[in-house]
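Notes for the one structure printed next.
Values below: all heavy atoms of this structure, side chains included; hydrogens, waters and symmetry mates excluded. All figures in this text were calculated on a predicted structure; none of them were measured in a lab.
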Amino acid sequence: MRKYIIGIDLGGTNIKSSIFTLEFQKIHERSNPTEAAKGPFHVLNRMVDIIQEMLTYEGIQPASILCMGMGIPGLLDPEQGLSIFSPNFPGWDNIHVVNYMKNHFEFPVYIDNDVRVNLYGEWQFGAGTDYKNLILITLGTGLGSGIVNEGKVLYGTTSSAGEIGHMNMYREGRPCRCGSSGCLGRYVSAVGIVKTFTDKLEEGRSSMILEWVGEDWTTITARIISEAYDLGDSLAIEVMHETGKIL
């Protein structure tokens, strides 16, 4: 019986899922909206449904899956399979991801921080191949990094080494769901870019984006700001440059 591996990347915006052969040849890939605002168990159930849909589509039996690896954002305990806290996921506290998946699948399931999973991929197969020391920085809904030092991935005492998104940059800065304020990720991230942009709109600044979204500023996204930047919008350019300087 041929064996396969499943990989899941849980992002604040999308769930990216793939099936691989044991030689890491990708045979199936998809991306689905995370819908994080609907709560942790909605997200967990979405992942279960996505996995089952992929297996059905490819005609693969669960018994053919050697294991599944999942990249989960935020603070976690990889050995226990426990996601302790994820700031971009409302209500996501002490969620035992591995146990939840075990209720639905018999194959082994492993979790790690989503950025470290990304780091492992680049280290083994991408830009970091053959390097003993490297740092990967991810810019998405939030901000994170992963570190390889002398051929070893750094985890730290609480498995949170590299969580630069929660470095305090401004003592009286923007509140963060981690409980602190002024965290770097509140400024350098998709969420941070939108916040910076809308703050400037509230100050009376103008932008072509207002012609696109009208009065509904909640539809403004980092992608829209990026598109306006490419079109030469002065406010979008200012926000992008400010964000880059902070990083």
Side-chain angles (χ1 to χ4, degrees), residues 6-19 26 28-58 62 65 68-78 81-105 109-118 138-144 163 165-166 174-179 183 185-186 188-195 197-198 209 212-227:
I6 295 175
I8 304 290
D9 173 42
L10 176 60
T13 304
N14 293 300
I15 300 168
K16 297 177 181 178
S17 316
S18 295
I19 300 176
K26 184 165 56 184
H28 187 99
E29 181 180 28
R30 62 174 58 192
S31 178
N32 301 83
T34 305
E35 300 178 355
K38 295 184 179 180
F41 293 102
H42 175 81
V43 174
L44 290 169
N45 285 327
R46 279 186 65 73
M47 288 194 286
V48 169
D49 291 343
I50 289 167
I51 294 162
Q52 292 172 336
E53 289 170 7
M54 289 196 302
L55 294 176
T56 299
Y57 183 86
E58 295 294 341
I65 301 301
M68 178 168 68
M70 309 180 74
I72 309 295
L75 182 64
L76 46 77
D77 184 334
L82 178 68
S83 176
I84 299 171
F85 176 71
S86 191
N88 292 317
F89 286 72
W92 193 279
D93 298 299
N94 294 314
I95 304 298
H96 210 302
V97 178
V98 169
N99 279 356
Y100 196 88
M101 293 298 156
K102 283 182 177 179
N103 291 332
H104 300 274
F105 306 107
V109 177
Y110 304 93
I111 68 169
D112 203 343
N113 177 269
D114 60 336
V115 183
R116 274 197 297 267
V117 171
N118 195 334
T138 57
L139 284 164
T141 306
L143 170 71
E163 281 285 4
H166 295 288
R174 296 172 183 170
C176 182
R177 286 178 178 163
C178 75
C183 291
R186 294 294 95 184
V188 182
S189 63
V191 171
I193 288 170
V194 172
K195 174 62 174 170
F197 190 86
T198 55
I209 289 177
W212 300 348
V213 302
E215 298 296 324
D216 189 5
W217 293 3
T218 63
T219 60
I220 297 174
T221 64
R223 179 185 294 275
I224 289 174
I225 296 170
S226 178
E227 291 172 354

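- Environment of CZ in R30: crowded, with over 12 heavy atoms of neighbouring residues, nucleotides or ligands closer than 6.0 Å.
- Going from atom CD1 of I8 over to atom CD1 of I19 covers 8.5 Å, rounded to the nearest 0.5 Å.
- Distance alone, capped at 3.5 Å, places no donor-acceptor pair between the R186 side chain and the R174 backbone.
- Evaluation of the side chain to side chain donor-acceptor pair (under 3.5 Å) rule for N113 yields E163 as partners, not counting sequence neighbours.
- With values rounded to the nearest 0.5 angstrom, I50 atom CD1 is found 10.5 Å from Q52 atom CD.
- Taking CG from N32 and CG from N14, the interatomic distance works out to 8.0 Å, rounded to the nearest 0.5 Å.
- Contact record, D9 with D114: OD1-CB, 3.9 Å, taken as the closest heavy-atom pair.
- Using modelled atom types, one side-chain atom of T34 and one backbone atom of T13 make a donor-acceptor pair closer than 3.5 Å.
- Scored by the ring pair (Phe, Tyr, Trp, His ring centres under 6.0 Å) test, H104 finds Y100 as partners (sequence neighbours excluded).
- Considering only heavy atoms from C-beta on, M70 comes within 4.5 Å of V109 through its side chain.
- Nearest heavy atoms, F89 versus A36: CD2-CB, 3.8 Å.
- Looking only at side-chain heavy atoms (C-beta outward), F105 and V48 come within less than 4.5 Å of each other.
- Interatomic distance, I209 CD1 to T198 OG1, rounded to the nearest 0.5 Å: 10.5 Å.
- The shortest heavy-atom contact between L76 and S83 is CB-CA, 3.9 Å.
- Checked against ring pair (Phe, Tyr, Trp, His ring centres under 6.0 Å), H28 has the following partners two or more places apart in sequence or in another chain: Y57.
- The minimum heavy-atom distance between G91 and P40, with the atom names listed, is O-CG, 3.6 Å.
- Among pairs with a residue in residues 38-48, those fulfilling salt bridge (Lys or Arg N to Asp or Glu O under 4.0 Å) read E35-K38, E35-R46, at least two apart in sequence or across chains.
- Between I111 and V98, some side-chain heavy-atom pair lies under the 4.5 Å cut-off.
- Legend: residues meeting ring pair (Phe, Tyr, Trp, His ring centres under 6.0 Å) with F197, ordered by chain and number and at least two apart, are absent.
- Identified under the salt bridge (Lys or Arg N to Asp or Glu O under 4.0 Å) test for residues 84-100, with sequence neighbours left out: none.
- Shortest non-hydrogen contact noted between C183 and G165 is CB-O, 3.3 Å.
- A distance of 11.5 Å separates CG in L143 from OG1 in T141, rounded to the nearest 0.5 Å.
- L75 CG to W92 CH2: the interatomic distance, rounded to the nearest 0.5 Å, is 13.5 Å.
- Between V194 and T221, the shortest heavy-atom distance links the atoms CG2-C, 3.6 Å.
- Counting only heavy atoms from C-beta outward, the side chains of P73 and L10 approach each other to under 4.5 Å.
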Side chain to side chain contact (heavy atoms under 4.5 Å, CB included) for I6 and L55? Distances and angles first, verdict last. CA-CA 10 Å; I6 295 175; L55 294 176; 4.2 Å; yes

